[in-house]
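These values consider heavy atoms only, across backbone and side chains, with no hydrogens, waters or symmetry-generated copies. Letters A, B, ... are given to chains in the order of the sequence lines, protein chains preceding strands, and every chain is numbered from 1.
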Protein chains: 2
Amino acid sequence: MVKKETITEKQEKTARYAKAMGHPIRMYVLELLSKQSCCYSGDLTEELPIAKSTLSQHLKELKDAGLIQGEIEAPRIKYCINRENWKEAQLLFRELFES
Amino acid sequence: MVKKETITEKQEKTARYAKAMGHPIRMYVLELLSKQSCCYSGDLTEELPIAKSTLSQHLKELKDAGLIQGEIEAPRIKYCINRENWKEAQLLFRELFES
DNA sequence: TTCTTTGTTCGTAATATACCGAACAAATGT
DNA sequence: ACATTTGTTCGGTATATTACGAACAAAGAA
């Protein structure tokens, strides 16, 4: 199975991370979580000028992209950076910029 | 004029760059241009599996985001990285990941 | 059990993105 | 002047994104 791909898997992956980071709200969340350990989405709802359902969607996108992870800490959910993928993204972007 | 902003200008800017990078085609172009000096869009049309009009739109987005710049070299247009903004983006992402 | 808290999912609407081919514009070549 | 090359813009369509409030689900508190 010969695939003549012009776009590499790495580029696809980097683009996927970039897309997830491509919104101010999500950037805000990522920066917050990368600095402090974790947070609850309730905290974010208070700080941010959006409905909780909207925030939920943004968090889902970040989760789907693998950049954050949620841990149930009833009755709330504690969100943290997904350190493994965060590191991967860090590396991908570093490679992109340092080339 | 007191503005209670939760999202910083820096985060907006980083998100804008990230959004522009959030597509495989655009990531391909950015990586190519960051490595070599410049290229012509005709070269890209041959390599990439998209119509030239579609490519033109992607290039426009990268230009609007300030990541690349086009220089007329008739009858073609030579595209290069916008080094100044590329550096800014590099810095913004480095700060994001290193915090 | 019933109420409250917390966050997701649903339904919906407005806007944005991605893509194509056709038409167009600008400049060079014949 | 006319044809060719190169890339943008236009018109259209399909899909994705962003946003909201309402409804829902899960789990602890009264």
Side-chain angles (χ1 to χ4, degrees), chain A residues 5-7 11-30 32-33 38-82, chain B residues 5-7 11-30 32-33 38-82:
Chain A
E5 291 282 359
T6 62
I7 291 170
Q11 285 161 347
E12 296 261 13
K13 207 181 259 183
T14 313
R16 223 173 302 132
Y17 282 133
K19 188 175 182 185
M21 293 193 277
H23 190 283
I25 296 278
R26 298 196 290 269
M27 187 54 68
Y28 174 86
V29 173
L30 286 173
L32 185 76
L33 290 184
C38 293
C39 82
Y40 300 97
S41 81
D43 308 338
L44 296 171
T45 314
E46 285 172 23
E47 296 166 27
L48 295 167
I50 51 168
K52 61 176 181 173
S53 54
T54 305
L55 176 63
S56 183
Q57 278 182 45
H58 283 301
L59 292 174
K60 179 168 158 44
E61 276 187 69
L62 289 173
K63 232 188 314 183
D64 290 348
L67 290 172
I68 68 170
Q69 59 198 147
E71 186 187 332
I72 294 168
E73 201 170 274
R76 297 179 293 175
I77 294 178
K78 192 173 72 175
Y79 283 102
C80 309
I81 285 281
N82 183 322
Chain B
E5 290 284 358
T6 62
I7 290 169
Q11 285 160 348
E12 296 262 15
K13 207 181 261 185
T14 313
R16 222 173 303 134
Y17 283 134
K19 189 175 183 185
M21 293 194 276
H23 190 283
I25 296 276
R26 298 196 292 267
M27 186 56 68
Y28 174 87
V29 173
L30 286 174
L32 185 75
L33 290 185
C38 294
C39 81
Y40 301 97
S41 82
D43 307 340
L44 297 170
T45 313
E46 283 172 24
E47 298 165 25
L48 295 167
I50 52 170
K52 61 176 181 170
S53 53
T54 305
L55 176 64
S56 182
Q57 279 182 44
H58 283 301
L59 293 174
K60 179 169 158 43
E61 276 187 69
L62 289 173
K63 231 187 316 180
D64 290 349
L67 289 172
I68 68 171
Q69 58 199 148
E71 187 186 333
I72 296 169
E73 200 169 273
R76 298 179 292 176
I77 293 177
K78 192 173 71 173
Y79 283 102
C80 309
I81 285 282
N82 182 323

- [ ] Using atom CG of A:L44 as one end and atom C1' of C:dG7 as the other, report the distance to the nearest whole Å.
- [x] 12 Å
TODO: Looking at every strand, decide which applies to A:K78 at a 4.0 Å heavy-atom threshold: base, sugar-phosphate, or nothing.
DONE: nothing
- [ ] With the side chain counted from C-beta on, respond yes when B:H58 and B:I50 share a heavy-atom pair under 4.5 Å apart, and no when they do not.
- [x] yes
TODO: May I ask you to say what A:I50 touches in the nucleic acid, namely base, sugar-phosphate or nothing, with a heavy-atom cut-off under 4.0 Å?
DONE: sugar-phosphate
Task: Shortest non-hydrogen contact between B:I25 and A:I7, atoms and distance - done: CD1-CD1, 3.8 Å
Open item on the list: Looking at every non-hydrogen atom in both residues, tell me the closest pair between A:L33 and A:C80 and how far apart they are.
Closed with: CD1-C, 4.0 Å
Task: Among C:dT8, C:dA18, D:dT9, the nucleotide that comes nearest once only the side chain of A:Y79 is considered - done: C:dT8
Task: Which residue lies more 5' along DNA chain C, comparing A:G42 with A:K19 via nearest heavy atoms - done: A:G42
Task: Pairwise distance SG(B:C39) to CG(B:L44) - rounded to 0.5 angstrom - done: 4.0 Å
TODO: Starting at atom CD of B:E71, determine the distance to atom P of D:dG7, rounded to an integer number of angstrom.
DONE: 14 Å
TODO: Locate the shortest heavy-atom distance separating B:Y28 from A:T6; write the atom from each residue and the value.
DONE: CE1-O, 3.3 Å
Open item on the list: Considering every strand and a 4.0 Å limit on heavy-atom distances, what is the contact class for A:S56: base, sugar-phosphate, or nothing?
Closed with: base
Open item on the list: Under 3.5 Å, is there any donor-acceptor pair linking the side chain of B:S53 to the base of C:dG21?
Closed with: yes
Open item on the list: Please report the distance, rounded to the nearest Å, between CD1 in A:I77 and C1' in C:dG7.
Closed with: 6 Å
Open item on the list: For A:E61 and B:L59, find the nucleotide of DNA chain D closest to each by heavy atoms; which residue's nucleotide sits nearer the 5' end?
Closed with: B:L59
- [ ] Identify which nucleotide among D:dT18, C:dC19, D:dC20 has an atom closest to any side-chain atom of B:Q57, counting heavy atoms from C-beta outward.
- [x] C:dC19
Open item on the list: Rounded to whole Å, how long is the line connecting atom CG of B:D43 with atom P of D:dT5?
Closed with: 16 Å
Open item on the list: Once you apply a heavy-atom cut-off of 4.0 Å, does B:T54 come out as touching a base, just sugar-phosphate, or nothing?
Closed with: base
Task: For atom NZ of B:K63 and atom P of D:dT9, their distance in whole Å - done: 7 Å
